[in-house]
Amino acid sequence: MDTPDGPPVLRIGELSRRPGVSDHVLRAWESRYGLLQPVRSAGGFRLYSEADESRVRRMRAHLARGLSAAEAARAVLGEDSGAGRAGPAAGELPGALRQALDAFDEPAAQAVLDRLMSDLSLAAVLRDVVLPYLAELGERWERGTASVAQEHFASNLIRGRLAGLARGWGNGHGPRAVLACPPGELHDLALMVFGIVLNRNGWRIDYLGTSTPVEELARTVDARRPDLVVLAATLPETLEPHATQLTALARRAPLALAGAGATAQIATAVGARLLTGDPVTEAGQAGWPR
Amino acid sequence: MDTPDGPPVLRIGELSRRPGVSDHVLRAWESRYGLLQPVRSAGGFRLYSEADESRVRRMRAHLARGLSAAEAARAVLGEDSGAGRAGPAAGELPGALRQALDAFDEPAAQAVLDRLMSDLSLAAVLRDVVLPYLAELGERWERGTASVAQEHFASNLIRGRLAGLARGWGNGHGPRAVLACPPGELHDLALMVFGIVLNRNGWRIDYLGTSTPVEELARTVDARRPDLVVLAATLPETLEPHATQLTALARRAPLALAGAGATAQIATAVGARLLTGDPVTEAGQAGWPR
Amino acid sequence: MDTPDGPPVLRIGELSRRPGVSDHVLRAWESRYGLLQPVRSAGGFRLYSEADESRVRRMRAHLARGLSAAEAARAVLGEDSGAGRAGPAAGELPGALRQALDAFDEPAAQAVLDRLMSDLSLAAVLRDVVLPYLAELGERWERGTASVAQEHFASNLIRGRLAGLARGWGNGHGPRAVLACPPGELHDLALMVFGIVLNRNGWRIDYLGTSTPVEELARTVDARRPDLVVLAATLPETLEPHATQLTALARRAPLALAGAGATAQIATAVGARLLTGDPVTEAGQAGWPR
DNA sequence: ATAGGTTTTGTCAAGCTTTTGTACAT
DNA sequence: ATGTACAAAAGCTTGACAAAACCTAT
C-alpha cells in the first residue's frame with residue numbers, strides 16, 4: 001500500500017510538534033539515514049508532506065519496538081517502496097467499496113460508488129452492492145467485528161447517497177406508498193432503498209422513517225390514502241406489540257411487512273402481505289397482486 | 001420591475017420617524033446616492049411612498065451588514081430593478097418552507113430550498129432558515145404541537161439536503177475535525193450544519209454522527225489525529241456520565257462541546273471549549289484561540 | 001481559473017471584523033501572497049466579495065493546521081483553481097458552468113455540474129442552469145459569437161450528463177410517453193430534459209430523438225399506445241409539412257407540440273396541445289387536463 | 001545542545017485621502 | 001428646502017521593526 005500524500009507544506013516546527021520529535025532529531029534522521037527528503041522553500045526552509053509525518057510516526061514505532069535508529073529508518077523506507085495501484089478493476093468494485101468504507105476513506109468510497117453508478121443500473125448497484133454491504137456490516141456489528149465508528153461512518157455515507165437518490169420521491173402522479181419502521185426500529189436504510197426503487201418504478205413515496213408510532217402511521221394512512229403501506233423491522237419484537245392496531249390498519253390500506261423481523265406468522269395474523277425478497281426485487285414487483 | 005407601491009403621501013418627518021433615520025440623512029441619501037426620488041407637494045415638500053420606506057429599511061439592513069453607504073444604496077437600487085420572479089418573495093421564503101414542510105409537500109419544500117440556495121449564501125440559508133426551522137420544530141414537538149409524522153418528514157427532507165451538501169467533506173487538504181454526538185443523543189442535524197460550514201471554510205470532516213460511544217470516539221481521535229473534536233448534545237445528561245473519559249480525550253486533541261446540553265460547567269470540568277453560538281457562526285470562527 | 005463571485009461590496013473593516021483578522025494582516029496577505037484581489041471603489045477603497053471572506057477563513061484554517069502563511073495562501077489559491085469544493089457560491093455556479101464550457105474545460109464543467117446537482121434539485125438544475133445555457137448557446141451560435149467547436153463540446157458534454165439521467169427511463173409502471181423531433185430537427189436536448197423530468201414524475205419514456213420520420217412515429221404510437229406523444233421543433237417549417245399525418249396521429253393518442261417551432265396555429269390545426277412553458281415546468285404539469 | 005546568521009510575518013507609524021453623518025447659513 | 005461646510009471615522013501607501021521560527025556549523 002502506498003502512503004497517501006499531500007503537497008509538501010509543513011515546516012519543521014509543525015512536523016516536530018505533531019508526533020513529538022525534536023527538530024534536531026528530524027534533521028539528524030534526514031542527514032544520517034535519509035529518512036526524509038523535504039523540499040525547500042524559496043528562503044531555504046524545509047517543507048514536509050503528510051507522508052513525511054507518517055514516516056516519522058512509523059520510525060518512532062520501530063524505535064519503541066527496540067530497533068536501532070538505523071534499522072528503524074531502513075524499515076520505514078522499506079515499507080514505503082511497496083507498490084501503489086491505479087484504481088480497482090470493475091469486478092473488484094464491491095470489494096473496493098468495503099475497503100474504502102472500512103478505512104474511513106470517503107473520497108475513495110464516493111469514487112467507487114460513482115463508478116458503480118455509471119457502470120451499472122441503479123437497481124443493480126443497490127441490490128448487488130449496497131444491500132449486501134449493509135447486511136455484512138450488520139453482521140460484523142453484531143459479532144463485534146466492526147467498530148461503532150465504522151458502522152456510523154459507512155451508514156452515514158450511504159445514507160447521504162440514498163438521500164440524493166430519494167430527492168423528489170414524493171413528487172409525481174403515480175400510486176402512493178407510505179413507508180415506515182415500527183417504534184424502536186432504528187435501521188431504515190434498506191427501507192430507503194425500497195422506496196427509491198419503488199419511486200423509479202413510478203410510485204410516490206411518503207417516508208416516515210425510523211421509529212414511527214403506530215398511531216402516527218395510522219393517521220398518515222388516513223390522511224394520504226396510500227395504495228401501499230410498508231413496515232420494515234429487523235426484529236419480530238418490534239412488530240408484535242402492535243398486532244391489533246396493525247390488523248386494523250391492514251383493513252384500511254394494503255399493508256406489507258418487510259425485513260428480518262417480518263415473520264409469516266405476524267403477517268398472516270394481521271392480514272398483511274409478507275415481503276421476503278430483497279428490497280430491490282420486491283419494489284420491482286410491488287403493487288401487483290401475486 | 002418596480003417595488004409594489006402605494007400613493008406617495010408620507011412627509012419626511014414621518015419617513016424619518018418610522019424606520020428611525022434622521023431627516024438629514026434621508027436628504028443626504030437622496031442627493032448623494034439617488035436612493036429616494038420623492039414627489040413634491042404643491043409647496044415643495046417631499047412626499048414619499050411605502051416603497052420608499054422599504055428602501056430605507058433595506059438600506060439600513062445593508063448598513064448593518066457592514067456595507068458602506070454608497071454600496072448599500074447601490075444594492076437597494078439593484079434589488080429594485082432586479083426582476084420579480086414567480087413564487088413567494090424573498091422575505092417570505094422561510095415562512096413558505098415551514099408551510100410546505102408542515103403540509104408534507106415535498107416538491108414545494110424542495111423548490112423553496114432551491115430558491116433560497118440560489119438567492120442567498122449557503123451560510124445564510126443554514127443559519128437564518130434551516131436552523132431556526134429545526135429549533136422551532138423541536139419546540140413544537142416537545143409541546144406536542146407537531147406530529148411525529150411531521151417531524152419525521154421534515155427532518156428526513158432536510159437531512160437529505162444536508163447530505164448532499166456534505167458530499168466529499170472528508171476530502172481535501174485542510175485541518176481535520178471529528179464530529180460526533182454522545183451516546184443517547186439522536187439529533188445530529190445541527191452538527192451536520194456545523195460540519196458543512198466548517199468544510200466550506202477549508203476543513204476536512206470525519207463524521208461519526210448520533211450516539212457514538214466515547215471509547216469509539218477516543219479510538220477515532222487517536223487514529224485520525226484531528227485538529228478539532230466537536231461533541232454536540234441537546235441534554236446535559238448525555239454528556240455528564242462520560243466526564244472522566246472526555247477529560248482524557250481533551251488532553252489528546254482540542255475538544256469543543258456544543259448544543260443546548262453543553263453547559264459551561266461540563267466544559268470547564270473536562271477542559272473543553274464551549275461553543276455557545278449558532279453552528280454556522282461558530283464554524284466560521286473555528287480553529288482559533290479566543 | 002478564478003472564482004466567480006457575488007458583488008464586491010465589503011470594505012476592509014468589515015472583512016476584518018467578520019472572521020477576526022486585522023486589516024493590517026489582510027493588506028499584508030494581499031501584497032505578499034496575492035491572497036485577495038479586491039476591486040477598488042471610486043475613491044480607492046478596497047471592496048471585497050463573500051468569496052474573499054471564504055478565502056480569509058480558509059487561510060486561517062490552514063494556519064491553524066500549522067502551515068506557514070505563505071504555504072497557507074498557496075493552498076487557498078490552489079483550492080480555488082482546483083475544481084470543486086468551496087468554489088463558487090451557489091448563486092454563481094451557472095456563470096461558472098458557462099465559463100468552463102467556453103474554455104473547453106471538461107473537468108471543471110463536470111465539477112460544476114456535480115456541485116449543482118448536489119446543492120439543488122434536479123429540476124432546478126435543469127430549468128435554471130442547463131436550459132438557459134442551451135438557449136444562450138443557441139443564440140450565440142446564430143449570431144456567430146460561438147464557434148462550432150464550442151457548440152459541439154458543450155452539447156456533447158451536456159448530452160452525456162442527460163444520458164446518465166435518462167438511464168432506465170423506459171422502465172416502471174407509470175403512464176407512457178413517446179418523445180420525438182420531426183424530420184429535419186436536430187436539436188433534442190430540451191426534449192431529453194423534458195423526458196427526464198417526466199420520468200421523475202412517474203412516467204415511462206419511449207425516446208425516438210432527432211429527425212424522426214412521421215411514419216415511424218405513427219408506427220411506434222400504434223405499437224406502444226402511449227398516454228402522451230410530444231413532438232419538439234425549433235422551426236415551424238419542420239412541422240408544417242406533416243400537418244395531415246399529425247392530425248391523424250392526434251386522433252389516436254394525446255399529442256402535444258413543444259419548442260419554438262410549435263405555434264398555436266399548427267397546434268390547433270392538427271388538434272394537438274401546445275406546450276409553451278419551459279420543459280421542466282411543462283413536464284411537471286404534464287398529463288393533466290388543463 | 002549552542003552559537004550566530006537568515007527568513008518569515010504580524011504589527012505599527014506617519015502623512016494623506018475618502019466617506020458620511022451632522023450642522024449652519026441662506 | 002437647499003447648498004455648503006466640517007469633522008470624525010475609516011482607508012490608503014510606504015517603510016520599518018522585532019519576535020518567532022529556521023538555517024548551518026561547531
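To find a chain, count down the sequence lines: A is the first, B the second, and so on, and within it residues start at 1. Source: prediction; values computed, not measured.
Contacts with DNA chain E (heavy atom under 4.0 Å) in residues 23-44 of chain A: A:Arg27, A:Arg40, A:Gly44, listed by number.
Looking at residues two or more places apart in sequence or on another chain, you find no side-chain hydrogen bond (donor to acceptor under 3.5 Å, both in side chains) involving B:Arg74. Applying the side-chain contact (heavy atoms from CB on, under 4.5 Å) test to B:Ala124 and every residue at least two apart in sequence or in another chain returns B:Leu120, B:Ser121, B:Arg127, B:Asp128. Under the side-chain hydrogen bond (donor to acceptor under 3.5 Å, both in side chains) criterion, B:Arg18 pairs with B:Glu14, B:Glu53, not counting sequence neighbours.
Of the possible polar contacts, one joining the B:Glu282 side chain to the B:Gly277 backbone as a donor-acceptor pair under 3.5 Å is found. Judged by distance alone, with hydrogens and angles left aside, the side-chain atoms of B:Thr268 form a donor-acceptor pair with the main-chain N or O of B:Ala264 at under 3.5 Å. A side-chain donor-acceptor contact under 3.5 Å links B:Arg60 to the backbone of B:Pro19. In this structure, the side chain of B:Arg176 does not engage the main chain of B:Ile205 through any donor-acceptor pair within 3.5 Å. A donor-acceptor distance shorter than 3.5 angstrom exists from the side chain of A:Glu106 to the backbone of B:Gly168, with no hydrogens or angles considered. Within the 3.5 Å criterion, the main-chain N or O of B:Arg219 finds no donor-acceptor partner in the side chain of B:Asp222.
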Can you check side-chain hydrogen bond (donor to acceptor under 3.5 Å, both in side chains) on C:Ser54 and C:Arg58, steps first, answer last? CA-CA 6 Å; C:Ser54 153; C:Arg58 282 179 285 145; 3.0 Å; yes
Given the rule in the side-chain contact (heavy atoms from CB on, under 4.5 Å) test, do B:Trp203 and B:Asp227 qualify, once you have shown the distances and angles that lead to the verdict? CA-CA 9 Å; B:Trp203 291 64; B:Asp227 303 278; 4.0 Å; yes
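The CZ atom of C:Arg60 sits 15 Å away from the C1' atom of D:dG10 (whole-angstrom rounding). Rounded to whole angstrom, the span from the CZ atom of C:Phe45 across to the P atom of E:dA9 amounts to 14 Å. Here D:dT19 presents its P atom at 14 Å from CZ of C:Arg46, a figure rounded to the nearest Å. The distance from atom CD1 of C:Ile12 to atom C1' of D:dT19 is 16 Å, rounded to the nearest whole Å. A:Arg11 places its CZ atom 10 Å from the C1' atom of D:dT7, with the value rounded to the nearest Å. Between the C1' atom of D:dT8 and the CG atom of A:Leu10 lies a distance of 16 Å, rounded to the nearest Å. As rounded to whole Å, 10 Å separates atom P of E:dC22 from atom CG of A:Leu47. Between the P atom of E:dA10 and the CD atom of B:Glu71 lies a distance of 17 Å, rounded to the nearest Å.
When the local axes at the two ends of the helix from D:dA1-E:dT26 to D:dT26-E:dA1 are compared, using 5 base pairs at each end, they differ in direction by 20° after rounding to 10°.
Between B:Ser22 and D:dG21, a side-chain N or O to OP1/OP2 separation shorter than 4.0 Å is absent. For E:dA21, the OP1/OP2 oxygens have no side-chain nitrogen or oxygen of C:Ser68 closer than 4.0 Å.
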Sub-3.5 Å pairs of nitrogen or oxygen atoms, protein against nucleotides 14-16 of chain D:
none

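Nearest-nucleotide positions on DNA chain D for C:Leu67 and B:Leu63 put C:Leu67 closer to the 5' end.
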